[in-house]
Amino acid sequence: SELAERARVSAFIHDDLLSALQAVATAPRASQTRDQAARARYLLAAADAGVTPPGASTIDLTEQVSALARSATPPLHADLPASAVVVPADVATALIAAAREALRNTARHAGPGATARLTLTSDSASGRLRLEIGNDGAGFDAAATDPRRMGLTGTIRGGLDLVGGSAEIDSAPGHGTRIILTWRPS
């Protein structure tokens, strides 16, 4: 539908393109600036052509969450299942995009010295997944958050809504934040 496409494009601009452009602007070395600029050009060209980078129909979410934890700055600990958790590619994409946004918000808002963690659990009987992104930072009043905020509303909640999942945000000033993403096959 047109509404779903508009949400996808808005999330792409917020999550990928603006992130790449911000990295260009803040890169400390010229080589990093060139790398990030190339990434931004690639993303723009792919979007202009209506091309999504090629991928499989299913993805191992355990592997993706592990890679996300390793690539975080600083790298963080992830509690993961011992075996692969294979999900449809669109579900993995939505979960990882939401987790990435939650980690960006942690870096921006949790405060100095805050630590983050990722926990992925899967119920093999029901297929239900739970990906929790938590931090011990400053926290915020989740009920007072402007519903038009693109990160929480568009990327985290909206992305999961598009694939039949849900997102719960549990936070309070001075008590850190937990974002709980869930999905179950229909």
Side-chain angles (χ1 to χ4, degrees), residues 3-26 36 39-40 43-44 46-47 52-53 55 59 61-80 87-111 114-121 129-172 176-183:
L3 187 58
E5 179 63 12
R6 187 174 293 163
R8 188 189 68 73
V9 169
S10 292
F12 162 77
I13 290 169
H14 180 269
D15 299 346
D16 296 318
L17 188 56
L18 289 178
S19 176
L21 292 174
Q22 182 179 15
V24 168
T26 60
Q36 292 301 328
R39 178 173 173 253
L43 290 169
L44 280 172
T52 301
I59 293 178
L61 188 60
T62 305
E63 183 179 296
Q64 295 297 309
V65 172
S66 177
L68 180 61
R70 288 191 311 271
S71 69
T73 305
L76 55 98
H77 178 72
D79 290 318
L80 304 170
V87 298
D90 61 336
V91 171
T93 300
L95 287 164
I96 294 301
R100 187 179 299 120
E101 181 61 22
L103 291 172
R104 269 197 292 267
N105 286 344
T106 295
R108 274 189 232 132
H109 306 296
T115 58
R117 65 194 172 284
L118 291 170
T119 305
L120 175 64
T121 56
L129 300 176
R130 175 184 164 118
L131 177 57
E132 182 176 323
I133 306 94
N135 70 65
D136 60 2
F140 64 99
D141 182 355
T145 302
D146 184 344
R148 296 171 294 182
R149 294 288 312 249
M150 187 59 203
L152 289 175
T153 304
T155 303
I156 295 176
R157 286 191 172 118
L160 270 290
D161 284 347
L162 290 173
V163 297
S166 65
E168 175 188 339
I169 299 169
D170 177 23
S171 187
T177 300
R178 286 182 333 139
I179 298 178
I180 302 159
L181 312 173
T182 57
W183 179 82

- Hey, is the main chain of L129 close enough, under 3.5 Å, to the side chain of T182 for a donor-acceptor pair?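 It does not hold such a pair.
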- Message: Please check this pair: side chain of W183 against backbone of V163, looking for a donor-acceptor N/O pair closer than 3.5 Å.
- Response: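 The answer is yes, because a donor-acceptor pair under 3.5 Å joins these two groups.
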Heavy atoms only: give me the nearest [X]-[Y] pair and the separation to one decimal.
X	Y	answer
L160	A98	CD2-CB, 3.7 Å
G176	S171	O-OG, 2.9 Å
A99	L131	CB-CD2, 3.9 Å

- side-chain hydrogen bond (donor to acceptor under 3.5 Å, both in side chains) partners for T119, two or more places apart: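 Expected list: none.
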- Query: Can L68 and Q64 be said to form a side-chain contact (heavy atoms from CB on, under 4.5 Å), step by step?
  - Reply: CA-CA 6 Å; L68 180 61; Q64 295 297 309; over 6 Å; no
If you measure from [atom1] on [X] to [atom2] on [Y], what distance do you get to the nearest 0.5 Å?
X	Y	atom1	atom2	value
I59	T93	CD1	OG1	5.0 Å
L76	R70	CG	CZ	11.0 Å
L120	L95	CG	CG	8.5 Å
N105	T177	CG	OG1	9.0 Å
T121	D79	OG1	CG	10.0 Å

- Task: Would you please test I180 and R178 for side-chain contact (heavy atoms from CB on, under 4.5 Å) and show each step?
- Result: CA-CA 6 Å; I180 302 159; R178 286 182 333 139; 3.5 Å; yes
- Item | Any residue meeting salt bridge (Lys or Arg N to Asp or Glu O under 4.0 Å) with R130, in chain and number order, not counting sequence neighbours |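 Applying salt bridge (Lys or Arg N to Asp or Glu O under 4.0 Å) to R130 gives E132.
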- Would you sort out whether L181 and I133 count as a side-chain contact (heavy atoms from CB on, under 4.5 Å), showing the intermediate values? CA-CA 8 Å; L181 312 173; I133 306 94; 3.7 Å; yes
